Amino acid sequence: MDFLIWLNANFSKKRPEKPVARKAIRHLKKIEKNQLFSDDLSQMRAAEGRWYESLIYEMLLDLALRTDRIKYVVRKGADAPFPPPDIRLGQNGLFYSNRGDINVRGNGQDIAEFDILFVDYMDRICFAEIVTSASDLKDMEAEVKYKKKLLGYLYGQAIVPFVLFSSVDISRSSIMRRLMRETESTLIVTQTCEEMKKVLNINSIRGVPRKPVNHPKLIGIEDVCVKRPFEYKKMHDLKRDKVLGLMMANKGRSEMMVADEIPPVAKKLLFGVLYPSGVKALMNNRSFTMSGKKYTYDDMKKEFSKVVLAIDIPEYEAVIYLRSRNKNEYLKIVRKKSGELKVESKRTPQMTGFYLWLEDLKPTLGAKVAASYGEVFLDMKK
């Protein structure tokens, strides 16, 4: 904890110097640079949030030059190599997105994104998340806990230091209080985005090219290779088979939530694709609603070519993906508190890794599995 106490005390919470603030602009896309001073409030706030994230990165780089406590900072944004490798099934480990974000991929899908990764003087991998609004906290707690477990597994660390940078004072939030009780976690509250941006003006965005900088403590993701074998699909399948076994043994979610020896890296379990008999069993006395219309089994036969059963963990909540016959998309179906099924969102080819995985799945599940899935995860009698 000494390192995080030191970092909290030494990281500047004041308005940055203009050169540092301008340097952060290089990570923004051209359209974001123009929106940084836009009259459209929603566009300005979005660009401002991206600039603030880049600013914290630049400020951390500056601090790293003045201390031995920060050994390395992992490249991101404009400092990341471009273009990154194409997304494909089977990719596991650290990868950059097209805009230089740091992601962990499992079987090609992005399972976690890190705002900042750095290495401390004890050679521990650390991560930082950045927020600019109290409304950003809704899913923060579960995400941070998952990322701690994920990095802990990948790098063989019992403890993974975590820093939350915020431009708003969220210290009184119950979510923050719980998060800060997590081992090796700290909250650093800076001045607001508006206050920090005062060193800039509309002319400041000019003449700031998007190009990498030379910095003695910058390293690439290839320099922080994972220390444990990371075969995501293999670990996913082990967990899937175990949960399927419990489900078919008529066990409930409470039994499934019991900790086991399988590394906790899978956030979602894809059970598989239903045969037509499975689809009929699943939709027996069930329907889902989309745009005010109720869809029954007959509707599904006409409009969807594939039904994929899945669950989100650690909540063990039902998720069903329906492959449209007419569009390159999957509808994501979830269960409402009332028990009804509804369309929550869509999965398109833009979500490349996960979409490829869904496309790769073939029918393997029949009526018995579908009926059991319905009883355990949809009817919620247990």
Side-chain angles (χ1 to χ4, degrees), residues 10-65 73-84 96-103 110 113-118 127-140 143 163-171 173 176 187-215 218 350:
N10 286 270
F11 191 91
S12 175
K13 286 95 172 173
K14 300 177 182 178
R15 190 188 300 173
E17 297 293 328
K18 186 174 181 178
V20 178
R22 287 193 78 235
K23 196 182 292 185
I25 293 174
R26 68 193 178 91
H27 301 282
L28 273 59
K29 294 180 178 179
K30 185 176 181 180
I31 189 172
E32 291 172 329
K33 292 177 183 179
N34 294 327
Q35 291 170 346
L36 195 55
F37 292 94
S38 172
D39 292 330
D40 186 313
L41 189 62
S42 63
Q43 289 184 352
M44 187 273 287
R45 292 294 186 214
E48 196 176 68
R50 191 75 192 188
W51 171 78
Y52 178 74
E53 179 182 323
S54 302
L55 177 64
I56 296 299
Y57 169 75
E58 295 291 350
M59 293 171 72
L60 191 66
L61 284 177
D62 270 11
L63 180 60
L65 288 174
V73 179
V74 178
R75 293 179 179 273
K76 65 167 288 178
D79 293 325
F82 185 85
Y96 285 116
S97 72
N98 279 327
R99 66 172 305 153
D101 294 326
I102 304 168
N103 297 323
D110 292 333
E113 179 182 313
F114 295 91
D115 291 341
I116 296 177
L117 281 182
F118 59 103
F127 75 104
E129 297 295 301
I130 298 166
V131 297
T132 56
S133 168
S135 63
D136 295 339
L137 306 181
K138 184 179 178 183
D139 301 316
M140 175 70 68
E143 286 181 8
V163 186
L164 180 62
F165 291 96
S166 177
S167 62
V168 292
D169 188 356
I170 52 175
S171 58
S173 161
M176 283 304 101
L187 169 65
I188 297 179
V189 179
T190 68
Q191 292 184 345
T192 64
C193 286
E194 295 90 337
E195 188 64 30
M196 299 183 91
K197 203 173 70 173
K198 284 181 179 179
V199 298
L200 301 174
N201 56 50
I202 188 66
N203 295 317
S204 301
I205 64 177
R206 295 171 185 159
V208 185
R210 182 181 173 90
K211 64 179 182 179
V213 298
N214 291 319
H215 190 289
L218 267 177
Q350 282 67 43

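Please read these numbers as outputs of a predicted model, since none were measured by experiment.
- Side-chain N or O atoms of Arg210 include none that pairs as donor or acceptor with a backbone N or O of Lys29 at under 3.5 Å.
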As a quick check of understanding, evaluate side chain to side chain contact (heavy atoms under 4.5 Å, CB included) for Ser166 and Ile188, giving each step before the final call. CA-CA 6 Å; Ser166 177; Ile188 297 179; over 6 Å; no

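- Going from atom CD1 of Ile170 over to atom OG of Ser135 covers 10.5 Å, rounded to the nearest 0.5 Å.
- Leu200 places a side-chain heavy atom less than 4.5 Å from the side chain of Phe37.
- Atom CG of residue Leu61 and atom NZ of residue Lys76 lie 10.5 Å apart, to the nearest 0.5 angstrom.
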What verdict does the salt bridge (charged side-chain N to carboxylate O under 4.0 Å, His left out) test give for Lys23 and Asp79, after you've listed the backbone C-alpha separation in whole Å, the side-chain angles of each residue and the deciding distance to 0.1 Å? CA-CA 12 Å; Lys23 196 182 292 185; Asp79 293 325; over 6 Å; no

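- Counting only distance, with no hydrogens or angles, the side chain of Trp51 and the backbone of Glu32 share no donor-acceptor pair below 3.5 Å.
- Judged by distance alone, with hydrogens and angles left aside, the side-chain atoms of Asp110 form no donor-acceptor pair with the main-chain N or O of Asn103 at under 3.5 Å.
- Under a 3.5 Å cut-off, the side chain of Glu53 and the backbone N or O of Arg50 do not form any donor-acceptor pair.
- In this model, a donor atom of one side chain and an acceptor atom of the other lie less than 3.5 Å apart for Glu58 and His27.
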Does Leu65 form a side chain to side chain contact (heavy atoms under 4.5 Å, CB included) with His215? I'd like the steps, not just the answer. CA-CA 9 Å; Leu65 288 174; His215 190 289; 3.5 Å; yes

Go through the steps to decide whether Arg45 and Glu48 satisfy the test salt bridge (charged side-chain N to carboxylate O under 4.0 Å, His left out), and finish with yes or no. CA-CA 5 Å; Arg45 292 294 186 214; Glu48 196 176 68; 3.1 Å; yes

For Val20 and Met59, what are the C-alpha separation, side-chain angles and deciding distance, and is it a side chain to side chain contact (heavy atoms under 4.5 Å, CB included)? CA-CA 7 Å; Val20 178; Met59 293 171 72; 4.0 Å; yes

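- For the atom pair Ile56 CD1 and Ser12 OG, the distance stands at 9.0 Å (nearest 0.5 Å).
- Closest of all the heavy-atom pairs between Ala64 and Val73 is CB-CG2, 4.4 Å.
- Here the CZ atom belonging to Phe118 is positioned 9.5 Å from the CG atom belonging to Leu63, to the nearest 0.5 angstrom.
- Considering every non-hydrogen atom in both Leu28 and Ser54, the closest pair reads CD1-OG, 4.2 Å.
- Between Asp101 and Arg75 there is no salt bridge, since none of the side-chain N atoms of the basic residue sits less than 4.0 Å from a carboxylate O of the acidic one.
- Counting all heavy atoms, side chain and backbone alike, Ala21 lies closest to Pro16 at CB-CG, 4.2 Å.
- Around CD1 of Ile31, the count of heavy atoms belonging to other residues, nucleotides or ligands within 6.0 Å does not exceed 12.
- Put simply, the side chain of Tyr52 never gets that close to the backbone of Met196: no donor and acceptor are under 3.5 Å apart.
- Side-chain contact between Val168 and Thr132 is absent, with no heavy atoms from C-beta onward closer than 4.5 Å.
- Aromatic ring orientation, Phe127 versus Phe114: perpendicular (interplanar angle above 60°, classes split at 30° and 60°).
- The backbone N or O of Arg15 lies less than 3.5 Å from a partner atom in the side chain of Gln191, making a donor-acceptor pair.
- Shortest non-hydrogen contact noted between Ile205 and Ile202 is CG1-O, 3.2 Å.
- For the atom pair CG of Leu117 and CD1 of Ile102, the computed distance is 4.5 Å after rounding to the nearest 0.5 Å.
- Around atom CG of Asp40, more than 12 heavy atoms belonging to other residues, nucleotides or ligands sit under 6.0 Å away.
- The two residues Ser97 and Pro84 come nearest to each other via the heavy atoms O-CG, 3.7 Å.
- Using a distance-only test at 3.5 Å, with no hydrogens or angles considered, a donor-acceptor pair links the side chain of Arg22 to the main chain of Ser204.
- At least one donor-acceptor pair closer than 3.5 Å links the side chain of Lys197 to the backbone N or O of Leu36.
- Heavy-atom minimum distance, Tyr96 versus Val74: OH-CG1, 3.9 Å.
- Between the CG atom of Asp115 and the CD1 atom of Ile130 there is a distance of 5.0 Å, given to the nearest 0.5 Å.
- Salt-bridge annotation for Glu195 and Lys14: absent, with no side-chain N of the basic residue lying under 4.0 Å from a carboxylate O of the acidic one.
- Within the 4.5 Å cutoff, side-chain heavy atoms of Met140 are placed close to those of Met176.
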